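Worth knowing before you read on, the calculation uses all heavy atoms, side chains too, and leaves out hydrogens, waters and symmetry mates. None of the values given here were measured: they were computed from a predicted structure. Residues: numbered from 1 along the sequence shown.
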Amino acid sequence: GALDPRPFDPIQATRSFRIALNDLGVALFLPPLSERLARWSQGINFVFLSAEDKRALDLVEAGEADVAIGPNWNKYDDQFESVVLYQAPFACAMRKGHPLASGSLTIEAFASAPHIMISQPGDPSRHIDQILANHGLRRRIAFTVPHYLTVPILLSKTDLLSVIPSKLIQRYGVTEKIQAVDTPFAELTVPVMMFWIRAANDEPANIWLRSLIVEIVRDHQLDRWTPD
């Protein structure tokens, strides 16, 4: 129970951990978790719950998820605790050989080229649109898609642009022949946070899970992410 003073023992325990996060989060956290599986008992497993918006916090609040990982959902009520895990860098991506791929983009060219936008909170869209508005410009959003992981494949087959996490460009740059291009605005980063319910703050299993996630971020340098 909540007052159990003993730390969680992953070698003895049977426990299903439920983590709410988006498709990119699954791609980043599952491989390092799988590397560690052999250290723990057969009774430990992880369930990733799709959570592209504030639903992630609803799952934590309802006790259906142990933690949520994602952007700052701006839900600072008293029942949640949170920590910033890392700053995720974003960049403008396009296919290699794209007409705009040589040199750096002007702000006008960036705005007028058709874009793919990801309909998830926590991408820097609002920030970009504000910069463009200051120059009297608007982005041409041609397509809006629900997930990050499909975007590299879509970029490789089209003349579209998209502002996506740098990790994705580095991970799929070779296989999908996409590249990052310099944009006229400063580096874009978005904080990736972990949320949990305050009532679970001192629960041994929840403490273990949170420290495991922080350890993975540190060991795998998720904010710097270099391709294998």
4.5 Å side-chain heavy-atom contact, V181 and L100
no
Single-linkage hydrophobic cluster I141~I116, side-chain heavy atoms < 4.5 angstrom
no
Identify the heavy atoms of P146 and Q120 that sit nearest to each other, and give their distance.
O-NE2, 2.9 Å
Can you get from V83 to I207 by hopping between Ile, Leu, Val, Met, Phe, Trp and Tyr side chains that sit under 4.5 Å apart?
no
Polar side-chain atom of R55 near backbone of S50 as donor-acceptor pair, under 3.5 Å
yes
Considering residues, nucleotides and ligands other than K96, do more than 12 of their heavy atoms fall under 6.0 Å from its NZ?
yes
S119 side chain to T144 backbone, donor-acceptor under 3.5 Å:
no
Please test I69 against L85 for side-chain contact (heavy atoms from CB on, under 4.5 Å), starting from the C-alpha separation and ending with a verdict.
CA-CA 9 Å; I69 297 172; L85 292 174; 3.9 Å; yes
CD-CD1 distance between E176 and I169, expressed to the nearest 0.5 angstrom
13.0 Å
Treat each ILVMFWY residue as a node, draw an edge where side-chain heavy atoms are under 4.5 Å apart, and state whether W208 and V214 are in one component.
yes
Out of curiosity, does L24 fall in the hydrophobic cluster containing Y172 (side-chain heavy atoms, cut-off under 4.5 Å, transitive links)?
yes
Minimal heavy-atom distance between P71 and F195, with the atoms involved, is O-CE1, 3.6 Å
Within this structure, what is the CD-OG distance for the pair Q179 and S156, rounded to the nearest 0.5 Å?
13.0 Å
Sub-4.5 Å side-chain heavy-atom contact between F29 and V217:
yes
Non-hydrogen side-chain atoms of F48 and L30 separated by less than 4.5 Å
yes
Do N201 and W196 have side-chain atoms, one donor and one acceptor, less than 3.5 Å apart?
yes
Looking at side-chain heavy atoms only, is the closest gap between I19 and L49 below 4.5 Å?
no
What is the distance from atom OG1 of T183 to atom CG of L188, rounded to the nearest 0.5 Å?
6.0 Å
Between P152 and R171, is there a side-chain heavy-atom distance shorter than 4.5 Å?
no
In the structure I gave you, are the side-chain heavy atoms of I107 and L137 within less than 4.5 Å of one another anywhere?
yes
Examine I153 and F143 and state if one hydrophobic cluster contains both, with Ile, Leu, Val, Met, Phe, Trp and Tyr joined whenever side-chain heavy atoms are less than 4.5 Å apart.
no
Please list all pairs meeting side chain to side chain donor-acceptor pair (under 3.5 Å) that have one or both residues in residues 31-46, counting only residues at least two apart or in different chains.
S16-N45, R36-E215, R36-D219
So which atom in M117 and which in R139 form the shortest heavy-atom distance, rounded to 0.1 Å?
SD-NH2, 3.8 Å
Minimal non-hydrogen separation, I44 against P10, with atom names
CD1-O, 3.4 Å
Quick one, F80 and E61 - any side-chain contact, counting heavy atoms below 4.5 Å?
yes
Could you report the tightest heavy-atom contact between F110 and I128, atom names first, then the distance?
CE2-CG2, 3.7 Å
About how many Å separate NE2 of H147 and CG of N22, when rounded to the nearest 0.5 Å?
9.5 Å
Pairing residues for R95 by the salt bridge (Lys or Arg N to Asp or Glu O under 4.0 Å) criterion, not counting sequence neighbours
D159
Please evaluate residues R140 and S112 with respect to the criterion side-chain contact (heavy atoms from CB on, under 4.5 Å), reporting the C-alpha separation (whole Å), side-chain torsions for both, the decisive distance (0.1 Å), and the verdict.
CA-CA 6 Å; R140 163 83 178 100; S112 61; 5.9 Å; no
Decide yes or no on side-chain contact (heavy atoms from CB on, under 4.5 Å) for R138 and D129, but give the supporting numbers first.
CA-CA 7 Å; R138 281 182 68 176; D129 292 339; over 6 Å; no
Partner of M94 under side chain to side chain contact (heavy atoms under 4.5 Å, CB included), picked from L161, L160, T158, is L161
Taking the six-membered ring of F17 (Phe, Tyr or Trp), confirm whether the NZ or CZ of R15 is under 6.0 Å from its centre and within 45° of its axis.
yes
With sequence neighbours left out, what residues match R198 under salt bridge (Lys or Arg N to Asp or Glu O under 4.0 Å)?
E81
Counting C-beta onward and ignoring hydrogens, is there a side-chain heavy-atom pair between K167 and L28 closer than 4.5 Å?
yes
Check the pair L33, L212 against side-chain contact (heavy atoms from CB on, under 4.5 Å), reporting the backbone distance first and the verdict last.
CA-CA 9 Å; L33 281 169; L212 174 64; 3.6 Å; yes
Separation between CD of Q221 and CD1 of I216, rounded to the nearest 0.5 Å
14.0 Å
Quick check: closest heavy atoms across A27 and L149, and the distance to 0.1 Å?
CB-CD1, 4.1 Å
Give, for atom CD1 of I197 and atom CD of Q79, the distance between the pair rounded to the nearest 0.5 Å.
4.5 Å
